[in-house]
Number of protein chains: 2
Amino acid sequence: MLDPASDTPASDTKDRLLDAAERLFAAGGVGATSLRAVTAEAGVNVAAVHYHFGSKQELLRAVFVRRIAPLNEERLKRLDALEAQPDGPTLEATLEALVTPSIEFAEAHPQLSELVGLLYSEPVDEARALAHEVFAETMGRFCAALGRVLPAVPPADIEVRFAFVVGAMVHVLSRRAPLPHEPAEMRDALLRFLAAGLRAPADPRAPRRGAP
Amino acid sequence: MLDPASDTPASDTKDRLLDAAERLFAAGGVGATSLRAVTAEAGVNVAAVHYHFGSKQELLRAVFVRRIAPLNEERLKRLDALEAQPDGPTLEATLEALVTPSIEFAEAHPQLSELVGLLYSEPVDEARALAHEVFAETMGRFCAALGRVLPAVPPADIEVRFAFVVGAMVHVLSRRAPLPHEPAEMRDALLRFLAAGLRAPADPRAPRRGAP
DNA sequence: GTCTATAAAAGGATAGAC
DNA sequence: GTCTATCCTTTTATAGAC
């Protein structure tokens, strides 16, 4: 991205199509967005999308891969660094490796927020298969890592609690209604909430009233 | 529903259209589902949907209201009962009033799960406005109730944490991949996770390692 | 690589017979 | 209330000039 001599010159027709598709798919859904709307937004011709991508589905795939591949790379790079330490990571550090790249990427590319929500939500079969394909490996590694730092939580519970983690993360990342927080504050609040939830005792009998 | 003398006889054309639309909208998204597909699934004529609902948008609205209105009524009924007690509710009881009806309704009407995911996800403006209209009052009341049972958590934090609560709840309710738990177990796991997360201390300095 | 033009199909919506 | 038939628009996708 900082390499002007790259083989992907900025503002190419291909990139403009990806930008436009990303914007419109996120704003209106894939099924409701026509290729004509995409090409109009990109300021290119109707036939360009078929020349460069072949079909609407492949355009959708390219839109997702462009943003989410580097996000997952960053997450796994952080997780690798944590696991290379002799003592092993803390719960907080593991969660931060999962969450922080999302927040930072969402700041750098505001469209990512809406894309993530779209990917987790779009009911079309192809989109859901794509979501699984793009996220399964990374999420599996983090789920396993969380299981290791939470040895007292049974594996089946880890899996369920990890679904809660992903749900909370996706929901705040994909919100249209802006939360009354700076990104860094929201990240910290999310990390505190998730860490406490993951550490919850297995026994539900703790009917304390009020705050901690 | 148990009143055969009601003015809404079961298996009416209207009901069959609602059933079919619910199924197909949830499975493929609104924009990607044609009215022709809906009427074919319902086994009725193409013109029936316009006769009974007037347009695709009004059909979508009717689909949501039919399922979500009673869900919210049940939630608010439970919250009212809790708040009528002299001591006021516990955090666990408040969360249960929010979560349990979702789980029970999702068992009774499996389509609800996919509808909830659809409503929170569909990026089309009308659908999002409908989601806000249908949920805003109920969610506002629960957010305020949670603030009262968590007096140590600042109001702005309550709002953010409530977004995490909704995200986790929606995500597990709308999952296509089945979780390895009975509904009652999943509900208990969710309640424990959410209660612990909401009670998290405001200070993030608690780098304990491992389980509780 | 980009454009114009057009094919071929599917979409929402309506009119009018029954 | 339900059907057939149809109008008009929009869609994806392609063919071929430049």
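Within every chain, numbering begins at 1; the chains are lettered A, B, ... in the order of the sequence lines, protein sequences first and strands thereafter.
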Per-nucleotide pairing state of DNA chain C [Watson-Crick or G-U, under 3.5 Å; [ ] pseudoknot-crossing; | other strand]: ||||||||||.|||||||
Taking only residues two or more places apart in sequence, or in another chain, which ones meet A:Ala42 in a side chain to side chain contact (heavy atoms under 4.5 Å, CB included)? A:Arg16, A:Leu17, A:Ala20, A:Val44
Base, sugar-phosphate or nothing for A:Ala48? Non-hydrogen atoms, less than 4.0 Å. nothing
I need the CG-C1' distance between B:Asp12 and D:dT2, as an integer number of Å. 12 Å
Would you call B:Arg187 and B:Glu107 a salt bridge, using N to O less than 4.0 angstrom? no
Side chain to side chain donor-acceptor pair (under 3.5 Å) with A:Glu73: which residues, sequence neighbours excluded? none
Tabulate atom names and distances for all N/O pairs under 3.5 angstrom spanning the protein and nucleotides 8-11 of chain D.
unit_1	atom_1	unit_2	atom_2	d
D:dT11	OP1	A:Ser34	OG	3.2

For A:Ala189, which residues count as a side chain to side chain contact (heavy atoms under 4.5 Å, CB included) partner, sequence neighbours excluded? A:Arg192, B:Val160, B:Phe164
Between B:Leu95 and B:Val165, which heavy-atom pair has the shortest distance, and what is it? CD2-CG1, 4.3 Å
Which pairs, with at least one residue in residues 129-150 of chain B and sequence neighbours excluded, count as a ring pair (Phe, Tyr, Trp, His ring centres under 6.0 Å)? B:Tyr120-B:Phe135
Any A:Thr13 side-chain nitrogen or oxygen under 4.0 Å from OP1 or OP2 of C:dT2: yes
Scan residues 138-148 of chain B for pairs that pass side-chain hydrogen bond (donor to acceptor under 3.5 Å, both in side chains), counting only residues two or more places apart or in two chains. B:Asp80-B:Arg141, B:Glu83-B:Arg141, B:Glu83-B:Arg148
Contacts of A:Pro154 that satisfy side chain to side chain contact (heavy atoms under 4.5 Å, CB included) - sequence neighbours left out: A:Asp157
Less than 4.0 angstrom between a side-chain N/O of A:Asn45 and OP1 or OP2 of C:dT4, yes or no? yes
Would you kindly give the CG-to-P distance between A:Asp15 and C:dG1, to the nearest whole Å? 12 Å
Any residue meeting side chain to side chain contact (heavy atoms under 4.5 Å, CB included) with B:Ile158, in chain and number order, not counting sequence neighbours: B:Cys143, B:Leu150, B:Val153
Rounded to the nearest Å, what distance is computed from the NE2 atom of residue B:His52 to the C1' atom of nucleotide C:dT14? 16 Å
Roughly, in whole Å, what's the span from OH in B:Tyr51 to C1' in C:dA17? 15 Å
Could you state the atom-to-atom distance from NE2 of A:His50 to P of C:dT4 in whole Å? 17 Å
